[in-house]
Amino acid sequence: MRKTITVRSFTAGSTVFARSAPPAHWAGVMEGMLKLDNITEEGRVSTFAGVPSGAWFGEGSVLKDEPRPYAVTALTDSVVALLPRSEFLRLLHESHPFALWLIGQLNARLAHYVAQVQTDRLGDTTAQVAYSLSGLFNDALFPNTARRITLSQEELGRLSGVSRQVTNRALQELQERDAIRLGYGSIEVIDLKVLQAIAREG
DNA sequence: ACATTAACGATGA
DNA sequence: TCATCGTTAATGT
């Protein structure tokens with residue numbers, strides 16, 4: 001199976017999978033960071049997932065054999081592993097441990113989005129930004145995320161569903177509370193526990 | 001109240 | 001030089 005995996009590099013800003021593309025592969029991020037987003041007819045953008053190093057994604061379209069409902073874009077220079085759909089399905093059918101692992105992944109992702117809805121409904125904007133940021137450090141989903149990630153405030157804002165200006169204010173508050181340290185085009189998580197606690201405040 | 005967009009200058013890579 | 005950041009003003013709900 002290892003020989004069927006291909007590895008491709010993407011420069012920042014380039015498209016990994018176009019929207020409506022056929023689901024030819026299941027993919028994993030080896031280096032860098034991707035985002036999953038949708039664009040409406042009017043051109044409004046909704047980013048719904050950041051995909052850091054260590055994450056696998058795209059199995060939904062593969063399982064349904066439907067065109068990808070979102071675009072996948074590299075936020076930084078990235079390296080992506082691609083497993084052909086046929087190999088993914090064979091693995092799923094033949095390997096019980098793999099199937100269990102995949103169920104665990106899907107369950108962890110569901111838990112993430114359930115908690116995200118709660119934060120968006122009950123939390124203030126700082127909590128929303130804190131939750132979106134902490135989500136990139138979900139140990140069940142992305143075991144390899146580095147403490148410092150390259151991500152602009154603009155992109156984190158898109159991920160959080162708030163404007164860049166509000167994101168900037170929220171991040172400064174998180175820094176005041178010693179949860180993170182801000183850099184130029186990057187964010188370093190100092191205390192993930194504190195960040196997660198702030199994400200639960202309302 | 002509090003968020004959004006637009007706009008500005010400052011600054012880092 | 002260009003992306004990014006920090007801030008303010010005007011506007012909307």
Side-chain angles (χ1 to χ4, degrees), chain A residues 8-19 27 29-55 57 69-80 112-138 142 144-202:
Chain A
R8 284 185 59 195
S9 295
F10 296 88
T11 58
S14 62
T15 298
V16 177
F17 295 141
R19 198 172 107 87
V29 182
M30 300 173 69
E31 290 174 32
M33 172 104 70
L34 314 181
K35 69 171 174 178
L36 275 40
D37 63 24
N38 260 317
I39 305 171
T40 65
E41 295 82 1
E42 300 85 34
R44 292 186 46 84
V45 180
S46 151
T47 298
F48 64 90
V51 190
S53 174
F57 68 96
Y70 44 74
V72 181
T73 308
L75 288 178
T76 66
D77 291 349
S78 300
V79 180
V80 178
H112 171 77
Y113 281 111
V114 167
Q116 172 127 262
V117 169
Q118 175 164 326
T119 298
D120 285 350
R121 289 190 177 160
L122 301 179
D124 57 20
T125 51
T126 299
Q128 291 176 36
V129 172
Y131 186 82
S132 296
L133 180 59
S134 69
L136 298 174
F137 297 84
N138 184 323
F142 325 123
N144 299 335
T145 310
R147 278 182 39 240
R148 182 179 156 280
I149 55 174
T150 301
L151 182 69
S152 71
Q153 297 179 6
E154 170 103 46
E155 289 298 343
L156 180 58
R158 289 205 176 100
L159 192 52
S160 308
V162 298
S163 67
R164 175 181 75 79
Q165 292 86 336
V166 165
T167 302
N168 177 264
R169 285 310 194 136
L171 286 172
Q172 289 182 50
E173 185 184 335
L174 297 179
Q175 184 170 237
E176 298 276 320
R177 297 231 245 157
D178 296 320
I180 65 171
R181 190 170 316 166
L182 293 172
Y184 182 81
S186 72
I187 302 167
E188 182 181 0
V189 173
I190 302 299
D191 193 329
L192 184 57
K193 289 279 192 298
V194 169
L195 186 64
Q196 290 167 337
I198 295 172
R200 274 180 245 112
E201 292 175 5

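Lettering follows sequence order; numbering is per chain, from 1. Just so we're clear, the structure is a prediction, and the values are computed from it rather than from any experiment. Side-chain atoms are counted along with the backbone in the values below, which use heavy atoms only and exclude waters and symmetry mates.
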Per-nucleotide protein contact string for nucleotides 3-13 of chain B, where B marks a base within reach and S marks sugar-phosphate only (heavy atoms under 4.0 Å, - for neither): SBBBB----BS
Under a 4.0 Å N-O cut-off, is there an ion pair linking Glu154(A) with Arg158(A)?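 Counted as a salt bridge, because a side-chain N and a carboxylate O are separated by less than 4.0 Å.
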Short N-O contact, Asp37(A) and Lys35(A), less than 4.0 angstrom: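 Salt bridge: yes.
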Tell me: [atom1] of [X] to [atom2] of [N], nearest whole Å?
X	N	atom1	atom2	value
Glu154(A)	dC2(C)	CD	C1'	14 Å
Leu151(A)	dA3(C)	CG	P	17 Å
Leu182(A)	dT4(C)	CG	C1'	12 Å
Glu173(A)	dG6(C)	CD	C1'	16 Å
Leu174(A)	dC5(C)	CG	P	14 Å
Arg169(A)	dG6(C)	CZ	C1'	8 Å
Leu171(A)	dC5(C)	CG	P	9 Å

Closest approach of Leu156(A) to Leu171(A) (non-hydrogen atoms, all atoms of both residues):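 Closest heavy-atom pair between Leu156(A) and Leu171(A): CD2-CD2, 3.8 Å.
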Minimum heavy-atom separation for Phe142(A) to Ser53(A), with atom names?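 In this case the closest contact between Phe142(A) and Ser53(A) is CB-O, 4.1 Å.
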Take Glu173(A) and Thr126(A) through the side chain to side chain donor-acceptor pair (under 3.5 Å) test and state the conclusion after the steps. CA-CA 8 Å; Glu173(A) 185 184 335; Thr126(A) 299; 3.1 Å; yes
With a 4.0 Å cutoff (strictly under), does any side-chain N or O of Asn168(A) reach OP1 or OP2 of dC5(C)?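 For Asn168(A), the contact criterion (side-chain N or O under 4.0 Å from OP1 or OP2 of dC5(C)) is not met.
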Hey, do the aromatic rings of Tyr70(A) and Phe48(A) have their centres closer than 6.0 Å?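 Yes: the rings meet the under 6.0 Å criterion.
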